[in-house]
Amino acid sequence: MKPLLAFALLLLVGCSSVLRIDRSHPSAGHDSRVQYIVLHYTSADTERSLALLTGTDVSTHYLIGDGPATVYQLVDEDRRAWHAGESEWQGRTWLNASSIGIELVNPGYVDGPEGRRWYAYTDAQIEALVALLKDIMARHGLKPGAIIGHSDIAPQRKVDPGPLFPWKRLAEAGLMHWPDARAVALHQQVFADALPPVSWFQEQLARQGYAVPRTGLLDEATRNVLAAFQMKYRPSRFDGEPDAETAALLTVLDSMD
């Protein structure tokens with residue numbers, strides 16, 4: 001066989017092993033890998049936050065500064081960022097794989113002689129966050145309820161974004177459900193006469209999405225979940241105690257699902 005012909009045959013054999021994919025039949029049965037957006041505070045200033053979140057140990061998709069409220073994208077949305085850690089919501093675990101993380105520059109809290117002091121977010125930060133959330137939710141087809149806090153998905157070890165995060169402003173922007181105050185007041189009157197057992201609170205918290213024990217006992221883990229819920233919907237008091245107002249909030253929110 002002539003060398004030129006042998007070389008041509010070798011090329012043909014090599015070409016026959018090249019992967020060819022037919023993409024002419026796309027399926028309609030799919031959605032975004034992103035199911036949730038998880039909100040955090042950084043417990044550090046902007047410079048330190050950028051240094052931490054661009055290293056190798058922890059990351060997030062977006063960071064919102066506090067002065068000015070610059071929106072930094074640190075990880076592409078199609079990549080998994082390391083922001084959630086051990087976590088669970090609505091039965092899904094390890095939410096890094098199914099969420100977008102957003103960190104807001106905020107000190108969180110400091111403990112002093114007069115107790116714990118929490119730090120508020122700036123108006124500019126929240127305005128930037130609302131715009132970012134609307135954009136993400138539109139692109140990924142997310143519905144109200146997809147935005148959650150780190151304290152929601154890891155209530156045994158996390159408290160961010162904290163009691164001063166303005167969840168109600170997100171609701172006013174159409175990004176999440178919020179319980180009607182009049183309905184809460186009516187239910188609160190009923191529960192003031194007869195408070196449900198702890199098992200009822202555990203069941204209702206689980207229906208909201210929380211990972212909560214089903215023991216019927218007011219143990220530390222249940223208190224932590226109650227406190228996380230209260231911090232979000234009743235930040236004036238988040239002591240982890242089951243009470244009439246918490247029961248009313250859970251009832252109204254359950255009716256909105």
Report yes or no: does His150 contribute a side-chain atom to a donor-acceptor pair with the main-chain N or O of Ala84 at less than 3.5 Å? yes
Please name all residues satisfying salt bridge (Lys or Arg N to Asp or Glu O under 4.0 Å) with Arg214, sequence neighbours left out, ordered by chain then number. Glu203
Residue list, salt bridge (Lys or Arg N to Asp or Glu O under 4.0 Å) with Asp111, at least two apart or on another chain: Arg116
Any donor-acceptor pair under 3.5 Å from Asp22 side chain to Ser24 backbone: yes
Only counting residues at least two apart or in another chain, list the ones meeting side-chain contact (heavy atoms from CB on, under 4.5 Å) with Pro179. Val184, Tyr233, Leu249, Val252, Leu253
Any donor-acceptor pair under 3.5 Å from Asp152 side chain to Trp89 backbone: no
With a 4.5 Å limit on heavy-atom distance, are the side chains of Thr251 and Gln204 in contact? no
Hits for salt bridge (Lys or Arg N to Asp or Glu O under 4.0 Å) against Glu77, two or more places apart or cross-chain, chain-then-number order -> Arg139
Exactly one of Thr42, Thr122, Thr46 clears side-chain hydrogen bond (donor to acceptor under 3.5 Å, both in side chains) with Asp66, and that residue is Thr46
How about Glu86: does its CD atom have over 12 heavy atoms from other parts shown lying under 6.0 Å from it? no
Keeping Gln202 on the side-chain end and Val212 on the backbone end, is there a donor-acceptor pair under 3.5 Å? no
Under a 3.5 Å distance rule, please check whether Thr222 uses its side chain to pair with a backbone N or O of Leu218 as donor and acceptor. no
Test item: Asp45 side-chain N/O and Arg48 main-chain N/O as donor-acceptor pair under 3.5 Å: yes
Using modelled atom types only, decide if a donor and an acceptor are shared between the side chain of Arg92 and the backbone of Gln35 within a distance under 3.5 Å. no
For Glu88, salt bridge (Lys or Arg N to Asp or Glu O under 4.0 Å) partners two or more places apart: none
How would you list, by chain and number, every residue that makes a side chain to side chain donor-acceptor pair (under 3.5 Å) with Thr246, sequence neighbours excluded? Gln230, Asp243
Taking atom CZ of Arg33 and atom CZ of Arg80, what is their separation to the nearest 0.5 Å? 9.0 Å
To the nearest 0.5 Å, what is the distance between CD1 on Ile37 and CG on Leu129? 8.5 Å
Indicate yes or no for a side-chain donor-acceptor contact from His140 to the backbone of Tyr36 under 3.5 Å, with no hydrogens or angles considered. no
Sole candidate of Lys232, Lys143, Lys168 that passes side-chain contact (heavy atoms from CB on, under 4.5 Å) when paired with Met176: Lys232
Is it the case that the side chain of Thr60 and the backbone of Gly101 share a donor-acceptor pair, with hydrogens and angles ignored and the cut-off at 3.5 Å? yes
Roughly how far apart are Leu63 CG and Gln73 CD, rounded to 0.5 Å? 11.5 Å
Salt bridge or not between Arg237 and Asp239? Use side-chain N to carboxylate O under 4.0 Å. yes
Checking the side chain of Asp160 only, and the main-chain atoms of Gly162 only, is there a donor and an acceptor separated by less than 3.5 Å? no
For the CD1 atom of Ile64 and the CD atom of Glu127, what is their distance to the nearest 0.5 Å? 11.0 Å
